[in-house]
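To find a chain, count down the sequence lines: A is the first, B the second, and so on, and within it residues start at 1. What you see below is based on every heavy atom in this structure, not just the backbone, and it leaves out hydrogens, waters and symmetry mates. Note that this is a predicted model, so its numbers are computed, not measured.
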Number of protein chains: 2
Amino acid sequence: MIKLIEKSFEIGEYLKNKGVRPSEQRIRIFEYLYINKNHPTVDMIYRELVQKMPCLSKTTVYNTLNIFLKNNVVRQLAIEENEARYDAVIELHGHFKCEKCENIYDFDIEKTNNEYEDLKKYEINEKYILFKGICPSCLKSSK
Amino acid sequence: MIKLIEKSFEIGEYLKNKGVRPSEQRIRIFEYLYINKNHPTVDMIYRELVQKMPCLSKTTVYNTLNIFLKNNVVRQLAIEENEARYDAVIELHGHFKCEKCENIYDFDIEKTNNEYEDLKKYEINEKYILFKGICPSCLKSSK
DNA sequence: GTATCTGCAAAACATTTGCAATTCT
DNA sequence: AGAATTGCAAATGTTTTGCAGATAC
């Protein structure tokens with residue numbers, strides 16, 4: 001409990017620094033993203049949080065995430081084509097989606113821009129890297 | 001005109017080889033993707049083709065692209081989070097979206113799987129690489 | 001007290017599904 | 001004839017918008 005309050009307070013500061021006013025809902029939504037790191041959909045966030053905040057609206061989740069996006073608090077991912085997913089880790093990294101267990105793993109990518117010959121003359125601002133395949137634990141269990 | 005008929009014939013063969021029966025609509029949709037190489041949305045394809053085929057239905061465009069997907073005739077891209085885009089180039093390559101002119105450029109990526117230390121033990125089946133930034137011609141005109 | 005934030009209801013899109021008519025073999 | 005294809009209309013699902021009440025500064 002105290003942990004949660006402490007965390008809320010830190011998150012509040014973080015959001016303020018990003019230019020977002022830290023309301024209860026916004027703190028909870030960021031907290032969910034920050035603790036779970038599961039690249040959730042709007043629906044996943046809503047279904048979890050509405051249990052503790054019964055009158056939370058899905059509209060608020062949408063509104064909040066759009067504000068977070070605009071203020072660079074979260075990144076929007078296109079992992080599934082139909083539903084947007086969100087990530088509180090805004091540093092450059094790649095995503096790996098296991099086609100079996102559906103888990104999404106993060107992985108490091110280099111920060112050099114010169115690895116791609118074709119892009120020598122391009123200014124690269126954002127990189128979205130998504131691989132699909134089979135993760136080690138699913139590889140093991142399928143043998 | 002002759003060119004188009006010839007092209008239709010080639011596309012027909014290509015689709016047959018992929019296990020897709022080459023109807024008029026399917027040929028036209030593939031032809032659009034193949035000629036334009038513009039990673040279009042369903043709506044872009046529909047709006048263009050309905051001019052020549054007035055009773056074309058958007059449902060048919062959806063159906064056709066889903067069949068193409070299943071038979072590995074096209075790749076689905078998640079360049080914008082809200083709308084699916086399609087690409088008749090199924091070979092591995094990356095996409096660069098210019099944030100100014102909105103054009104999407106293709107670029108080559110290496111086929112080695114060992115470039116990412118974190119993924120040594122993962123089986124990688126598909127790679128989706130999307131960069132955003134400014135393309136050379138927009139860089140030039142902004143100076 | 002004025003701005004902002006929240007949440008309901010409705011609207012706006014993208015996509016899929018059910019089904020009847022048509023087309024191909 | 002039988003199977004696949006097309007396209008309309010309706011349904012589904014995600015996201016946005018309008019607006020009234022509540023909250024924060």
Side-chain angles (χ1 to χ4, degrees), chain A residues 8-9 11-13 15-33 39-71 73-86, chain B residues 8-9 11-13 15-16 18-32 39-71 73-86:
Chain A
S8 293
F9 189 74
I11 293 173
E13 288 303 311
L15 293 179
K16 259 189 225 164
N17 289 339
K18 293 267 187 172
V20 175
R21 278 219 312 233
S23 73
E24 182 66 18
Q25 287 90 335
R26 290 172 178 180
I27 288 171
R28 292 292 175 170
I29 290 169
F30 185 87
E31 187 181 63
Y32 177 90
L33 287 161
H39 319 85
T41 63
V42 167
D43 199 58
M44 287 164 71
I45 300 169
Y46 173 75
R47 284 211 311 269
E48 175 77 20
L49 294 186
V50 80
Q51 295 177 36
K52 301 252 169 116
M53 313 170 73
C55 61
L56 176 68
S57 160
K58 213 179 246 191
T59 302
T60 299
V61 181
Y62 277 106
N63 288 341
T64 300
L65 289 169
N66 282 335
I67 288 169
F68 282 0
L69 263 185
K70 206 187 304 174
N71 290 67
V73 175
V74 297
R75 269 166 74 103
Q76 194 177 44
L77 311 176
I79 288 176
E80 248 34 75
E81 292 76 8
N82 44 341
E83 233 176 334
R85 285 171 174 266
Y86 296 86
Chain B
S8 293
F9 189 73
I11 292 173
E13 288 303 309
L15 293 179
K16 259 188 224 166
K18 292 267 188 173
V20 175
R21 277 217 318 228
S23 73
E24 182 66 19
Q25 287 90 335
R26 290 172 178 179
I27 289 173
R28 292 292 176 172
I29 290 169
F30 185 87
E31 187 180 65
Y32 177 90
H39 319 84
T41 63
V42 167
D43 199 58
M44 287 165 71
I45 299 169
Y46 173 74
R47 283 210 312 267
E48 175 76 19
L49 293 186
V50 80
Q51 294 177 35
K52 301 252 169 116
M53 312 169 73
C55 59
L56 176 68
S57 160
K58 212 180 247 192
T59 303
T60 299
V61 182
Y62 277 107
N63 288 340
T64 300
L65 289 169
N66 282 335
I67 288 168
F68 283 180
L69 264 185
K70 206 187 302 174
N71 290 67
V73 175
V74 298
R75 269 168 73 103
Q76 194 177 45
L77 313 176
I79 288 175
E80 247 34 75
E81 291 77 9
N82 44 342
E83 233 175 335
R85 286 171 175 266
Y86 296 86

Could you tell me the separation between the CD1 atom of B/Ile67 and the C1' atom of C/dT16, rounded to a whole number of Å? 13 Å

In whole Å, what is the span from the CD atom of B/Glu24 to the C1' atom of C/dT22? 15 Å

Checking N1-N3 plus N6-O4 or O6-N4 for Watson-Crick, or N1-O2 and O6-N3 for wobble, each under 3.5 Å, the partner of C/dA3 is none

Who pairs with D/dT23 - Watson-Crick or G-U, where each distance is under 3.5 Å: none

Contact class for B/Asn66 vs. all strands (heavy atom < 4.0 Å): base, sugar-phosphate, or nothing? sugar-phosphate

On DNA chain D, nearest-nucleotide positions of A/Asn82 versus B/Gln25: which is more 5'? B/Gln25

Measure from the side chain of A/Leu56, starting at C-beta and using heavy atoms only, and say which of C/dG7, C/dC5, D/dT6 lies closest. C/dG7

Euclidean distance, atom NZ of residue A/Lys70 to atom P of C/dT4 [Å, nearest integer]: 11 Å

Would you mind reading off the distance between B/Ile29 atom CD1 and D/dG7 atom P, rounded to a whole angstrom? 9 Å

Test side chain to side chain contact (heavy atoms under 4.5 Å, CB included) on A/Ile45 and A/Leu65; report intermediate values, then the result. CA-CA 10 Å; A/Ile45 300 169; A/Leu65 289 169; 4.0 Å; yes

When you measure from the side-chain N and O atoms of A/Tyr62 to the phosphate of D/dT15, is any distance below 4.0 Å, counting only OP1 and OP2? yes

Does B/Arg75 reach the side chain of B/Tyr86, with side-chain heavy atoms less than 4.5 Å apart? no

With a 4.5 Å limit on heavy-atom distance, are the side chains of A/Leu15 and A/Lys18 in contact? no

With a 3.5 Å distance limit and no angle check, can you tell me whether B/Arg26 reaches the backbone of B/Thr64 through a side-chain donor-acceptor pair? no

Is the base of D/dA3 syn or anti, if syn means a glycosidic angle within 90° of 0? anti

B/Arg21 vs C/dT25: side-chain N/O to OP1/OP2 distance below 4.0 Å: no

Does the side chain of B/Arg28 come within less than 4.5 Å of B/Lys52's, by heavy atoms? no

Rounding to an integer number of Å, can you tell me how far A/Ile79 CD1 sits from D/dT14 C1'? 17 Å

Over how many whole Å does the gap from B/Arg85 atom CZ to C/dC13 atom P extend? 17 Å

Please determine if a side-chain N or O atom of B/Thr59 lies less than 4.0 Å away from the OP1 or OP2 oxygen of D/dC8. no

A/Met53 CE to D/dT23 C1': how many Å, rounded? 13 Å

Most 5' of A/Asn63 and B/Ala84 on DNA chain C, judged by nearest nucleotide: A/Asn63

Quick check for you: among D/dG7, D/dT6, C/dT6, whose closest atom lies nearest to any side-chain atom of A/Thr60? C/dT6

Select base, sugar-phosphate, or nothing to describe what A/Ser23 touches, counting heavy atoms under 4.0 Å on all strands. sugar-phosphate

Between C1' of C/dG7 and OH of A/Tyr46, the distance in whole Å: 10 Å

